[in-house]
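Note sheet for the following structure.
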Amino acid sequence: MLLCLNIFTNSFSKGIPQPSCIKSERRALLKIKQQLKQPNMLANWKAGNEDCCQWVSVFCNIVTGHVTELQLGSSNDTIASSRSNKAGSWKLGGKLSPALLDLKHLSHLDLSNNDFDPTQIPDWFWNLTSHLQYLNISGNQFQGKIPDLLTNQASLVLDLSFNNFSGSLPGISLNMTVLDLSNNVLSGSMSQFLCHKKHQMKLEVLNLEGNHLSGEIPDCWEKWRSLVAIELCNNNFSGGIPSSMGALTSLESLHLRNNHLEGEIPDSLTNCTQLLTLDFAANHLSGEIPPWMGERLSKLIIISFQSNRFHGHVPEQICGLSSLQILDLSHNNLSGNIPSCINNLTAMISRKMSRSKISYNTSKGCFFDNMALMMKGAMLDYSNTLGLIKLVDLSDNNLSGEIPEEMAMLTGLLSLNLSKNHLVGKIPSNIGAIKTLECVDLSENNLSGKIPDSMSELSFLSYLNLSYNNLTGQIPTGTQLQSFSASSFLGNKLYGPPLPTPKTLVPASNIVGGQVDNRKQVDWNFIWMEFGFWCGFLCVACPLLFTNSGDACIRRILHKLKIKHF
């Protein structure tokens, strides 16, 4: 989640002259190398090369010469790798060396996305958190329990994600700024971690996604007012959304996807006016979508409420969200009409290239949001290109009425999914004005009329489903619509490519010689059927003629068939 950090205050590029490193720290670095596999990545880490400040991935203070940063992460997505000069894409392995403790002035340590032995982190390693400002050991195979981290004096960015840490959540000091424990096997409740705090916590980013945490989300967020982003997706949380989250007035991103949450959206969230992302998808939330969202949360870029139990109408107030780029209300019980004011979603009108990523600023820099979205019939994860997605998905509800013509005014839209509703009327005639459309799904409605000719002008369209409606007429010709399979048009009264041509009788004029008189054409299929019937009948009837009872039986059958005895 953390991709851009502003913490390099004492380190400078290799192009600026620096004093030679401290001898004791050079010896510590050589000990660290001895415990590592793939040492060729650190080829210039050798005793004969005295100035360790010039060693690959080592950064020193320009004044004192003390080692302040070790950037040994292998990921190309981090700022660390972009500033280092590692050759190739090899990963470090081996063991962690206690010589790290001899680097007394170390403030930044990045060991992310390597291949260390799947062992428990040694107890001495956690002592590093008392003076580090940044520690990233994500994407390894470390396991065991995480101890309470209460000793750090400086504000700390801690990323332990994508490992195999187990046990309960650790206690943290009030100086912790960013905590990413996502995608481990942590379990238990959040209560001890979150509640009973005497002082305001300085934590700005909390990411606990992809663990086995359970119980209710505690209703004690009042001491966490610095939070900018909360990520609790893919756990086993139950109960409701706590009303005390309304105290988080700096909150910009709230992800609660894929839990077992129920109840209504609390009105207290009206206080979270800085929100850009609301992701409540795949829960059991109910009630109506609050109209105040379109009035109080005016900065929203993403609303994802899919796969819940919301009912009622789509509130017209949502049309006031001029920054909204993603509206996903699919798989609910919403009814009524699609608001005709939908063209007021001006962020979906612009065709100008948006920023590819949606980022959130913290005191330590920024992080990039991510989201799972249904696109082109598949659930896809978006992060690096999330800011480019403009989507409306109202599928699998009970919406009725016509598709408003104003929908075609969203000329920056990439994906439109209105399938599995009760929509009637025609497809908007000017839908071809949405030149950016890549995905259109209007299937399983009651739409009628012809497919608009303008739809053949959607040159970027790569997914189309109009099946099971009441559409009629010829499919507009053009290379675009004919490139889709026939399944995109099934269940209608359409004809033309790509649908198969129905079988027809050969016209009489096409008979060899072309000579046809005015008499009716002979239906040979009927004649052969008649011939087969009488052959079968005679095979049974003839033996019966030689007996009196058989003759009587034959007479009764012929009488019923109204055929004279022969």
Side-chain angles (χ1 to χ4, degrees), residues 233 255 257-258 277-283 285 289 293-294 300-316 318-319 321 323-339 341-345 347-349 354 358 369-382 385-401 403-404 406-423 427-428 431 434 436-445 447 458 460-469 488:
C233 300
H255 291 264
R257 171 186 295 262
N258 196 24
T277 299
L278 272 182
D279 182 9
F280 296 164
N283 281 286
L285 298 173
I289 296 174
M293 287 178 52
L300 278 173
I301 298 175
I302 299 173
I303 296 177
S304 181
F305 290 173
Q306 59 117 333
S307 300
N308 278 284
R309 299 171 181 172
F310 291 114
H311 63 264
H313 293 187
V314 178
E316 291 191 359
I318 280 184
C319 297
L321 298 174
S323 298
L324 194 67
Q325 294 184 200
I326 295 173
L327 176 61
D328 188 351
L329 305 179
S330 61
H331 306 287
N332 281 284
N333 297 312
L334 300 173
S335 58
N337 295 343
I338 299 172
C341 60
I342 197 165
N343 60 302
N344 292 332
L345 301 176
M348 297 189 190
I349 295 177
S354 305
I358 296 178
D369 213 344
N370 63 287
M371 178 72 63
L373 298 171
M374 179 65 72
M375 286 280 286
K376 302 179 182 179
M379 189 65 73
L380 304 173
D381 289 320
Y382 290 89
T385 59
L386 181 60
L388 303 178
I389 304 299
K390 297 180 181 180
L391 171 149
V392 172
D393 191 344
L394 305 178
S395 62
D396 197 12
N397 281 284
N398 294 310
L399 298 175
S400 56
I403 301 174
E406 290 82 359
M407 184 72 75
M409 298 176 66
L410 303 181
T411 51
L413 207 60
L414 265 67
S415 178
L416 175 63
N417 191 344
L418 305 178
S419 64
K420 299 181 181 179
N421 281 288
H422 307 293
L423 300 174
I427 299 173
I431 192 172
I434 314 178
T436 53
L437 269 177
E438 298 180 10
C439 173
V440 175
D441 192 344
L442 306 178
S443 63
E444 297 185 53
N445 281 287
L447 299 174
L458 298 174
F460 292 104
L461 196 63
S462 58
Y463 181 89
L464 176 66
N465 192 351
L466 302 178
S467 63
Y468 301 102
N469 281 284
S488 297

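Bear in mind the structure is a predicted one, so any value in this text is a computation, not a measurement.
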(message) Does His255 form a side-chain hydrogen bond (donor to acceptor under 3.5 Å, both in side chains) with Asp279? I'd like the steps, not just the answer.
(response) CA-CA 5 Å; His255 291 264; Asp279 182 9; 3.2 Å; yes
(message) Under the criterion side-chain contact (heavy atoms from CB on, under 4.5 Å), I'd like the reasoning laid out for Ile303 against Asp328: C-alpha separation, chi angles, the key distance, then a yes or no.
(response) CA-CA 6 Å; Ile303 296 177; Asp328 188 351; over 6 Å; no
For a 4.5 angstrom cut-off between non-hydrogen side-chain atoms, does [X] reach [Y]?
X	Y	answer
His311	Asn398	no
Ile302	Ile358	yes
Ser419	Asp441	yes
Ser400	Asn421	no
Asn465	Val440	no

(message) Surrounding CD of Glu438 (heavy atoms of other residues, nucleotides or ligands, distance under 6.0 Å), is the total greater than 12?
(response) yes
Which atoms form the tightest heavy-atom contact between [X] and [Y], and what is the distance?
X	Y	value
Asn469	Glu444	ND2-N, 3.9 Å
Pro428	Pro404	CG-O, 4.0 Å
Ala282	Asn308	N-ND2, 3.9 Å
Asn445	Lys420	ND2-N, 3.9 Å
Asn332	Phe310	OD1-N, 3.1 Å
Met407	Ile434	O-CD1, 3.7 Å

(request) Give the C-alpha distance, both sets of side-chain angles, the deciding distance and a yes or no for side-chain contact (heavy atoms from CB on, under 4.5 Å) between Leu321 and Met293. (result) CA-CA 9 Å; Leu321 298 174; Met293 287 178 52; 5.5 Å; no
(message) Would you compute the distance between atom CG of Leu373 and atom CD of Gln306 and round it to the nearest 0.5 angstrom?
(response) 8.5 Å
(request) Output the distance between atom CZ (Arg257) and atom CG (Asn283), rounded to the nearest 0.5 Å. (result) 9.5 Å
(request) Dump the intermediate steps for side-chain hydrogen bond (donor to acceptor under 3.5 Å, both in side chains) on Asp396 and Ser330, then the final yes or no. (result) CA-CA 6 Å; Asp396 197 12; Ser330 61; over 6 Å; no
(request) Tell me, with the steps shown, if Ile389 and Gln325 meet side-chain contact (heavy atoms from CB on, under 4.5 Å). (result) CA-CA 7 Å; Ile389 304 299; Gln325 294 184 200; 6.0 Å; no
(request) Could you please spell out the steps behind the side-chain contact (heavy atoms from CB on, under 4.5 Å) verdict for Leu391 and Met375? (result) CA-CA 9 Å; Leu391 171 149; Met375 286 280 286; 3.6 Å; yes
(message) Can you tell me which residue among Leu394, Ile403, Leu437 is in a side-chain contact (heavy atoms from CB on, under 4.5 Å) with Leu416?
(response) Leu437
